[in-house]
Protein chains: 2
Amino acid sequence: MGVTLKEVAALAGVSRSAVSRTFTPGASVSAKTRAKVEKAAKELGYSPNALASSLTTGRTKLIGLISNNFHNPIFLEVFDQFTRALQERGLRPLIVNLTDETEPANSVRMLRQYSVDAVIVASSTLPPSFAKAFHDAGVPVVHTFGRSATSPEVHVVGIDNVECGRMAARELVARGYASVGYLGGPVDATSALDRQRGFVEEMANHPQIPVSHSFAGAYSFEAGRAEMLRLLAGDPAQAYFCGDDILSIGALSALADHGLKPGSDIGIIGLNDMEMSRWEYINLTTIHQPIKQIITSSVDLVEEMLKTPDRYPEARIFPCRVVERGTLRPRP
Amino acid sequence: MGVTLKEVAALAGVSRSAVSRTFTPGASVSAKTRAKVEKAAKELGYSPNALASSLTTGRTKLIGLISNNFHNPIFLEVFDQFTRALQERGLRPLIVNLTDETEPANSVRMLRQYSVDAVIVASSTLPPSFAKAFHDAGVPVVHTFGRSATSPEVHVVGIDNVECGRMAARELVARGYASVGYLGGPVDATSALDRQRGFVEEMANHPQIPVSHSFAGAYSFEAGRAEMLRLLAGDPAQAYFCGDDILSIGALSALADHGLKPGSDIGIIGLNDMEMSRWEYINLTTIHQPIKQIITSSVDLVEEMLKTPDRYPEARIFPCRVVERGTLRPRP
DNA sequence: AAATGCTTTGCAACCGATTGCACCATTTTT
DNA sequence: AAAAATGGTGCAATCGGTTGCAAAGCATTT
């Protein structure tokens, strides 16, 4: 199939080592042999087999990218950013789609079979223990969108979900809503729990405002819509902090069903600020999460871990901010 | 780092070949040695290095998955389906995000460095020549969503875009619209051209109905919206066949800006039937493309090519159908 | 001219597996 | 009981590279 080192060496009239060194940055080769080798290589259309070299170097430049959120549009942005950032640095994403059927243990094994240099767990709906499994297996791992614990066991890059919960609460209070609700993501997602905690904490300062809670089954349009329809059938609050933008958009569609106008009739604030939230006829008021910075930083961190494998774990937390659009009524 | 064959062999008290054979389906090993090996392997936590074995077998089970549509929500569904279908068959997707900055030639080289067993080009906005480059390099390739030429040079799986264009035209005519327009994707996408061709062909049977044409800069919300805003500023047609769903949704948002009701004021028909199009408050009338079948079939085809590398190229075309929702007025 | 130091080069072992072949131990056949 | 067939095993070469080491090449210094 492919052209090999040996053939190039033969054509160039040098040893295999010489060829290998020409393609190894920083190795010592004279300009003369380098020229000969490059000529021969071009002639034959040679390019080194990355997998074969990984055998001796121990580096594959393959990075496992694990996720399970294939129904949340923000993940298109996430994949876009991750794949770009990785390939800009000469790393290759090996994707794992963690569906309900796939055994997590299998994917750990699989990624080790392909001897990935590192793993990025990109999901807040995967438990911290999952990321830790890689860590324990000796694979460098960063948990992007993971829980920003003060004492993380693995590297975490993301936002302070608790603080975001507080921020949402402050915002709803400032708008003068007399009753508020939290419509969170799946109950077992750390992000859903942390956002709720912050929300509750802040609302505790305003005991006169009743607070309700509910959780959607997933971070998806359908789940958000279904949950909001359920709430509307009962006695809904005046405003909701939704777990994220896609839930918010689902909720907005439920409001539309009931002929309710977002903002004036029922307020909605989301979290993420994905592209779609900016669409004019969605126009969602939301908390902006700096996706691009988070992902760039995650990949930076991966690179640094490749250099210093037993780096002391750190949490990189990025600040968020409210972006005002049309789904919350104006401050009084 | 990892446990190797040799260590397992030593612990089990057998030769390395014996260990290798235990993990090679269909190789001859006695139940007794197999048991010994499996015990030792479990004890050590061994799993074979897929990359090392690829050296001798010539199979990596790595499949290059190339795309460039990271701004069209349908691609989240596409990636979901592809990654699932591949991993169900024990294949691993190696993703390439073809951004404007990346040289296509580089990605060809890169995928060869990782000796992928095959490549899937998943985009209708990449020229057929691109897929052919892999073919010429001796890599099995299938072009999913590619042009369904009658004489394809590489394997193609997708739909008959020309026929879809006709179908859209027939639908608009049947609804009695007195003027129609085509709002296509990027001018250099084969899908945009083919859909236009079919649309024009069919409209030629109705010379009394004027037909206009325009092309958006990309398959994206922004592009669709911008183009429709431009059209609305002039003298718009009564109904549009939009290049795909995301363009349609962009167009719908432009209509909303002008206070126009889709269906009654201006008709819109899309193509794809992505999840989002079913959302109640989008509710797009569109031509359904059987994404899941197309992708399953693509992966099947890849698997078959691994068995029979110089399979005669074929085009697998899946039928589409109109799904009626709310953005076209009812048939008279 | 000999001694010194530095760079360049090739040899050969190795990375972690697979596999053709020869050999050996069992069965089965005659 | 001997011969033939069968199945299991290990040796050693191989896949496509990398790299430590020693020898060779070359220029500079004394």
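Within every chain, numbering begins at 1; the chains are lettered A, B, ... in the order of the sequence lines, protein sequences first and strands thereafter.
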Does A:Tyr46 put a side-chain nitrogen or oxygen below 4.0 Å from OP1 or OP2 of D:dG17?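 Answer yes for this pair, as a side-chain N or O of A:Tyr46 is under 4.0 Å from OP1 or OP2.
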Does D:dT9 have OP1 or OP2 sitting under 4.0 Å from an N or O in the side chain of B:Thr33?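 Answer is yes, contact under 4.0 Å.
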If you measure only the distance, is there a donor-acceptor pair under 3.5 Å linking the side chains of [X] and [Y]?
X: B:Ser47; Y: A:Arg109; result: no
X: A:Thr57; Y: A:Ser54; result: no
X: B:Ser17; Y: B:Ser20; result: no
X: B:Glu77; Y: A:His71; result: no
X: A:Thr4; Y: A:Tyr46; result: no

Rounded off to whole Å, could you give me the [atom1]-to-[atom2] distance for the [X] and [N] pair?
X: B:Arg34; N: D:dG7; atom1: CZ; atom2: P; value: 16 Å
X: B:Arg16; N: D:dG10; atom1: CZ; atom2: C1'; value: 11 Å
X: B:Lys6; N: D:dG10; atom1: NZ; atom2: P; value: 16 Å
X: B:Lys32; N: D:dG10; atom1: NZ; atom2: C1'; value: 16 Å
X: B:Leu51; N: D:dG17; atom1: CG; atom2: P; value: 14 Å

Using side-chain hydrogen bond (donor to acceptor under 3.5 Å, both in side chains) as the criterion, list what pairs up with A:Thr60, not counting sequence neighbours.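 In terms of side-chain hydrogen bond (donor to acceptor under 3.5 Å, both in side chains), with neighbours along the sequence ignored, A:Thr60 is linked to A:Asp117.
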Pairing residues for A:Asn68 by the side-chain hydrogen bond (donor to acceptor under 3.5 Å, both in side chains) criterion, not counting sequence neighbours: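 A:Asn68: side-chain hydrogen bond (donor to acceptor under 3.5 Å, both in side chains) contacts with A:Ser123, A:Thr125.
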Partner residues of B:Phe82 under the ring-ring contact (aromatic ring centres under 6.0 Å, His included) criterion, sequence neighbours left out: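 Not a single residue meets the ring-ring contact (aromatic ring centres under 6.0 Å, His included) criterion with B:Phe82.
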Any residue in residues 20-29 of chain A with a heavy atom nearer than 4.0 angstrom to DNA chain C? Just list them by number, or reply none.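 Going residue by residue through residues 20-29 of chain A, the ones with a heavy atom under 4.0 Å of DNA chain C turn out to be A:Arg21, A:Ser28, A:Val29.
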Under a 4.0 Å heavy-atom cut-off, which of residues 52-59 of chain B touch DNA chain C?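 When residues 52-59 of chain B is checked for heavy atoms under 4.0 Å from DNA chain C, the hits, listed by number, are B:Ala52, B:Ser53, B:Leu55, B:Thr56, B:Thr57.
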What are the two closest heavy atoms between A:Lys132 and A:Glu153, and how far apart are they?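 Answer, listing the atom of A:Lys132 first, then A:Glu153: CE-OE2, 2.7 Å.
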Let me know which of B:Val29, B:Thr22, B:Leu11 forms a side chain to side chain contact (heavy atoms under 4.5 Å, CB included) with B:Val37.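 Running side chain to side chain contact (heavy atoms under 4.5 Å, CB included) over B:Val29, B:Thr22, B:Leu11 with B:Val37 returns exactly one hit, B:Thr22.
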At the 4.0 Å heavy-atom cut-off to chain A, mark where contacts on DNA chain C begin and end, going 5' to 3'.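 Under 4.0 Å from chain A, the extent on DNA chain C is C:dT8 to C:dG16.
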Go nucleotide by nucleotide along DNA chain C from the 5' end; which of B:Ser17 and A:Ser30 gets its closest nucleotide reached first?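 Per heavy-atom nearest nucleotide, the more 5' residue is A:Ser30.
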Which part of the nucleic acid, if any, lies within contact of A:Thr4, taking any heavy atom under 4.0 Å across all strands shown: a base, the sugar-phosphate backbone alone, or nothing?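 Here A:Thr4 touches the backbone only, sparing every base.
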Does A:Lys61, at its NZ atom, have more than 12 non-hydrogen atoms belonging to other residues, nucleotides or ligands within less than 6.0 Å?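 No - once you tally the heavy atoms of other residues, nucleotides and ligands closer than 6.0 Å, there are 12 at most.
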Along DNA chain D (nearest heavy atom to each residue), the more 5'-positioned of A:Leu5 and B:Gly13: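 Whichever sits nearer the 5' end wins; that is B:Gly13.
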